[in-house]
Amino acid sequence: MKLFIDTANLEDIRKAYRIGVLSGVTTNPSLVAKEGVKFEDRIAEILQAVPEVESVSAEVTPDAVTAEEMIAQANELIKINNNDKNITIKLPMTLAGLEACRYLSRKGVKTNVTLIFTVNQALLAARAGATYVSPFLGRLDDISEDGVQLVTRVAELFRVHNLDTQIIAASVRHPDHVTRVALAGAHIATVPFSVIEQLVKHPLTDQGLEKFAADWKKAIQ
Ligand code: E4P
């Protein structure tokens with residue numbers, strides 16, 4: 001399973017890129033708004049900061065309601081970094097979003113259908129040609145449903161029907177989500193930098209380092 005980072009924060013993106021674990025970046029309107037920067041400018045900065053990834057998701061804004069409006073926005077987003085092949089247009093799971101997905105994927109533009117909460121939504125997005133679908137685990141868990149089970153079932157569906165759309169497990173809240181979606185067959189998990197930090201850590205690693213440091217002081221130098 002590959003890892004994407006789920007943020008519009010440039011510092012966090014650079015830190016994750018430096019350690020070599022990053023295959024992509026996802027953003028959404030809430031994440032961009034948190035940064036207090038102009039959307040297009042930040043997408044350009046991200047594309048330039050991570051040249052060796054497969055995908056940077058830029059979501060059409062909530063003002064785009066019809067497929068035509070989404071496609072018009074997508075056409076602008078694509079140009080941001082000289083038709084950067086990594087730009088991926090993130091579209092909402094709506095009838096208009098699916099129509100835009102079909103149009104853009106036929107034009108060879110990468111697409112990510114977001115806000116997926118059921119297997120049927122994932123099936124529709126895949127049939128509309130989505131490069132990626134994003135089931136949201138944490139938000140399902142928040143309403144006492146099982147987010148990981150959704151990923152398991154979507155992975156099974158795609159396998160049984162030979163669909164090549166990739167699953168991005170999104171709304172990931174903690175390391176156990178990462179382990180479980182990897183075992184469930186997600187192709188990618190998109191995670192905040194705080195989760196990447198948690199993935200690195202283990203109390204026995206910290207204790208081990210402390211012991212090595214203490215013992216090293218006693219060694220003959
Ligand atoms: C994914 O693409 C979304 O940006 C994200 O994972 C949403 O996560 P949240 O539920 O923590 O907002």
Side-chain angles (χ1 to χ4, degrees), residues 1-13 16-17 21-37 39 42-43 45-47 50 53-62 64 70 73-74 77 86-94 97-98 100-101 104 109-118 121-122 125-126 128 130-151 154-155 165-182 184 186-199:
M1 186 180 73
K2 295 170 276 187
L3 289 172
F4 286 8
I5 191 167
D6 192 30
T7 184
N9 183 280
L10 260 189
E11 262 326 288
D12 284 352
I13 291 169
Y17 190 63
V21 299
L22 214 57
S23 299
V25 180
T26 52
T27 63
N28 65 36
S30 311
L31 293 170
V32 174
K34 214 158 82 182
E35 296 303 310
V37 289
F39 175 46
R42 180 47 51 98
I43 296 296
E45 288 170 315
I46 295 173
L47 285 164
V50 292
V53 299
E54 70 175 52
S55 167
V56 171
S57 278
E59 188 159 341
V60 295
T61 68
M70 291 177 195
Q73 278 199 8
L77 290 167
N86 291 339
I87 189 130
T88 300
I89 305 301
K90 204 171 176 189
L91 298 157
M93 180 61 217
T94 59
L98 290 176
C101 177
L104 291 167
V109 176
K110 286 183 191 167
T111 51
N112 173 2
V113 178
T114 190
L115 291 166
I116 298 278
F117 293 96
T118 69
Q121 290 178 324
T131 317
Y132 307 101
V133 288
S134 292
F136 276 40
L137 315 188
R139 293 191 196 184
L140 273 177
D141 290 0
D142 290 346
I143 58 159
S144 302
E145 289 196 25
D146 188 343
V148 174
Q149 193 194 36
L150 172 64
V151 171
V154 174
T165 300
Q166 296 191 56
I167 302 168
I168 304 180
S171 187
V172 168
R173 303 273 162 82
H174 48 69
D176 191 46
H177 268 158
V178 177
T179 308
R180 290 170 66 210
V181 295
H187 305 88
I188 297 150
T190 189
V191 302
F193 189 71
S194 57
V195 171
I196 296 178
E197 284 180 313
Q198 285 177 288
L199 292 173

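Quick note: numbers below take in every heavy atom, side chains included, and nothing from hydrogens, waters or symmetry partners. The residues of the chain are indexed from 1 along the displayed sequence. Just so you know, ligand 1 is whichever comes first in the structure, and atom 1 is the first atom listed for that ligand. Bear in mind the structure is a predicted one, so any value in this text is a computation, not a measurement.
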Within the 4.0 Å heavy-atom cut-off around ligand 1, the contacting residues, ordered by chain and number, are Asp6, Thr26, Asn28, Leu31, Lys90, Phe136, Arg139, Ala170, Ser171, Arg173
Close side-chain approach of Thr114 to Asn28, heavy-atom, < 4.5 Å: no
Would you please name every residue forming a side-chain hydrogen bond (donor to acceptor under 3.5 Å, both in side chains) with [X], sequence neighbours left out?
X	answer
His177	Asp141
Asn9	Glu35
Thr61	Asp63, Gln73

Indicate yes or no for a side-chain donor-acceptor contact from Ser171 to the backbone of Arg139 under 3.5 Å, with no hydrogens or angles considered. yes
Thr131 side-chain N/O to Asn112 backbone N/O, donor-acceptor pair under 3.5 Å: no
